[in-house]
Amino acid sequence: MCGWVARQRDHGGLTFVDLRDREGLVQLVFHPEEAPEAQEVAHQFKTESVIRVTGEVRRRPEGTVNPGLPTGEVEVAVRTVEVLAVADTPPFPVEDRIEADELLRLTYRYLDLRRPEMTRVLQLRHSISRIIRDHMEGLAFVEVETPFLTRSTPEGARDFLVPARLWPGSFYALPQSPQQLKQLLMVAGQDRYYQIVRCLRDEAPRADRSFEFTQLDMEMSFVNEDDVLRVIEPLYARIVAHIKSVVVPVPFRRLTYAEMMARYGTDRPDLRYGMELADLGEAFAGTGFRAFAAALSQGGVIKGFAAPGGSQLSRRELDELVQVTKERGAAGLVWMVVEDKETIRSPVEKHVIPEEARAAAAATGAGPGDLLLIVADRADRANVALDGLRRHLAARLGLVPDGEWRFCWMVEPPLFEWSEDEGKWVSVHHPFTSPASDDLSPETATARAYDLVLNGFELGGGSIRIHDPWTQRRVFEVLGLTPEETEEKFGHLLRAFRYGVPPHGGIAMGLDRLAMLMAGKETLRDVTAFPKAQSGADPLTGAPAPVPEEQLRDLGITVIARKDAKKDGGA
RNA sequence: GGGCUCGUGGUGCAGCCUGGUUAGCACACUGGACUGUCAAUCCAGAGGUCGCGGGUUCAAAUCCCGUCGAGCCCGCCA
């Protein structure tokens, strides 16, 4: 047996050592009488050293079984031992119960990954990939690789660029997704494509977002929305069944974007708990409370929800809720404690008449002991704030049930959205997303697009694509693109579409977030073998790092000094 | 680009609000004892520029300013 020395219990004579490998722990016993030489070596073991032992696997003596260990009924009586590599004292203990600083864990990631918990995560990701490959293969999908060095796309996120040595001044872009290539594969007659592929976006990382991430990318020809969803639903049901031993019903619920926004204030609602939003415009239609009246007269909304048992919150916690609201850009929060059917306590009780408060309580379903939360603002800001409050309170009040996996589809999203920055309409998904109807007026047009949502996280999304030139031209018009611009930006795709394009659609599913949820982790870093810190640096390798002048010259690149330049990479 | 939180022996934390002995605890580490432990136990020991720089003060881990690093969030991102 080979492995690492996890722990020693040295009785001077008799010595126990827990040997760890990828599969787990097993207890080695060194008897001074049976193998005095081995026992002498074991006496000097340093933790995390690599050893090889021979001996006999025995049932443990009566009364010494360890029920907390899968191998707890046996032990290895060691005959010979060999130290293959002596280890320095590790910078942090290689154990699950220790919460070491994350920077330290990333710097010594190979030690961190030795922890059983992390080993389990790697195996979990492997299981997910295997189930996907098995599922897709069973449905006659063919895995095709697409290039990593590709062309920068005008829409969407910031690209990672790679200088082209043979083309000084020109750059490849690392793919944000294989979107256009998979559509070209459909034109190429490869009617069921999939790929487990890395995608890269140069945008600020978050707990549930990183520079590089892995997607199940797929595309099908001659299909509609149902066909695509019917491929994904049983796959995700299989994954949850395999990893969580929970049966999730298919098909998944479908909610329109409009319905989600109205009821949850977000397009990725957590359906494991209630606290649905209610429109309180009617309850406060004739209110004398100026903040509310102003919101209504300016075309805004008054929306709110009831937090069950929320009356128990302290004043400090209520102030925290106001903070959550303001962080998300809304003007303010009005809370009301429902004490009983007649009495409602609130900082604004002077301004709100009892009938209005009671109407609001009725509309949200708030009863005695509940907390009523109301935001009056522009619809988008009110929704963002209420979504944040809903998530915050669900966690605070313990309303999030464990072990529930509530999938749902978000369907019929808007086709366009107004970009304040650019001062024009832009695609919500991408410009090849098929409209749901002939209506292409940017304010009301909806898309044949869909997102899969699980427990408040967006797992992925896709759409049926446009395949007729007339519709495509009209979409470009709304986006304010001239024929010259479309030729410049999308010429290769549009040219391909002239040579016989099948109707097609697909989806891209993020595997990291799924792994994170399946593993019960709070960050993507905890389900990634070698992640980067939030700064984008990799403490393990020291990337990013400056390169020799000569290398830059070769690429025809001059580095311009910037105020915020960092001296070195992560390490 | 912005907001919040954190930074103290190898590790995890306390001390900071209210400045004043030798910076405390646990784990790890080193030496010793111990023949059925399993987070072994017992005894002893070593180990600290309190992230860095500046300021206030008779005196700074503690107060102030700046800076670096880490995390979370907003903006951004499907």
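Lettering follows sequence order; numbering is per chain, from 1. Model, not experiment: these values are computed from the prediction. These numbers come from the heavy atoms of this one structure, side chains and all, not from hydrogens, waters or symmetry mates.
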A:F252-A:Y236 aromatic ring centre distance below 6.0 Å: no
Within the 6.0 Å centroid threshold, strictly below: A:F160 and A:F211: yes
Taking only the [atom1] atom of each, what is the distance from [N] to [M] in whole angstrom?
N: B:rG48; M: B:rG10; atom1: C1'; result: 12 Å
N: B:rC27; M: B:rA14; atom1: C1'; result: 15 Å
N: B:rG1; M: B:rC64; atom1: C1'; result: 26 Å
N: B:rG19; M: B:rU62; atom1: C1'; result: 6 Å
N: B:rU49; M: B:rG12; atom1: P; result: 16 Å
N: B:rU57; M: B:rG15; atom1: P; result: 28 Å
N: B:rC25; M: B:rU67; atom1: C1'; result: 32 Å
N: B:rC42; M: B:rG9; atom1: P; result: 26 Å

Under 3.5 Å on both distances, the Watson-Crick or G-U partner of [N]:
N: B:rG45; answer: B:rC29
N: B:rA14; answer: none
N: B:rC63; answer: B:rG55
N: B:rA23; answer: none

Side-chain donor/acceptor of A:R206 to base of B:rG71, under 3.5 Å: no
Presence of donor-acceptor pair under 3.5 Å, side chain of A:E75 and base of B:rG36: yes
Closest to the [X] side chain, choosing from [options]:
X: A:Q27; options: B:rA78, B:rU37, B:rC76; answer: B:rU37
X: A:H429; options: B:rC76, B:rG36, B:rA78; answer: B:rA78
X: A:A533; options: B:rA78, B:rC38, B:rA70; answer: B:rA70
X: A:H11; options: B:rG69, B:rU37, B:rG10; answer: B:rU37
X: A:H43; options: B:rC76, B:rC34, B:rG69; answer: B:rC34
X: A:E102; options: B:rG10, B:rG71, B:rG69; answer: B:rG71
X: A:P61; options: B:rC74, B:rG36, B:rG71; answer: B:rG36
X: A:T89; options: B:rA39, B:rC38, B:rC29; answer: B:rC29
X: A:D10; options: B:rA28, B:rC34, B:rC73; answer: B:rC34
X: A:R525; options: B:rC76, B:rG71, B:rG36; answer: B:rG71

Taking [atom1] from [X] and [atom2] from [N], how many angstroms apart are they, rounded to a whole number?
X: A:L69; N: B:rA39; atom1: CG; atom2: C1'; answer: 13 Å
X: A:D101; N: B:rA70; atom1: CG; atom2: P; answer: 10 Å
X: A:Y108; N: B:rG10; atom1: OH; atom2: P; answer: 11 Å
X: A:F45; N: B:rA28; atom1: CZ; atom2: P; answer: 18 Å
X: A:L524; N: B:rC77; atom1: CG; atom2: C1'; answer: 13 Å
X: A:R465; N: B:rA78; atom1: CZ; atom2: C1'; answer: 12 Å
X: A:E212; N: B:rA78; atom1: CD; atom2: C1'; answer: 18 Å
X: A:D267; N: B:rC77; atom1: CG; atom2: C1'; answer: 13 Å

Applying a 4.0 Å non-hydrogen cut-off, can you work out what [X] is touching in the nucleic acid: base, sugar-phosphate, or nothing?
X: A:R201; result: sugar-phosphate
X: A:T15; result: nothing
X: A:E320; result: nothing
X: A:E99; result: sugar-phosphate
X: A:T47; result: sugar-phosphate
X: A:L25; result: nothing
X: A:H430; result: nothing
X: A:R97; result: base

Of A:G156 and A:D208, the one whose closest RNA chain B nucleotide lies more 5': A:D208
Residue met sooner reading RNA chain B from 5', once A:P32 and A:T64 are mapped to nucleotides: A:P32
[X] with [Y]: basic N within carboxylate O range, under 4.0 Å:
X: A:R114; Y: A:E48; result: yes
X: A:R109; Y: A:D112; result: yes
X: A:R254; Y: A:E412; result: no

Side chains of A:D377 and A:V301 in contact at under 4.5 Å (non-hydrogen atoms): no
Does [N] have OP1 or OP2 sitting under 4.0 Å from an N or O in the side chain of [X]?
X: A:R7; N: B:rA40; value: yes
X: A:R9; N: B:rU37; value: no
X: A:R268; N: B:rC77; value: no
X: A:Q534; N: B:rC72; value: yes

A:F16-B:rU37 aromatic stacking (under 5.5 Å, under 30°): yes
A:E233 side chain to A:W409 side chain, donor-acceptor N/O pair below 3.5 angstrom: yes
A:S210 and A:K532: side chain donor to acceptor below 3.5 Å: no
Residue A:Y172 excluded, over 12 heavy atoms near OH under 6.0 Å: no
A:D21 side-chain N/O to A:G24 backbone N/O, donor-acceptor pair under 3.5 Å: yes
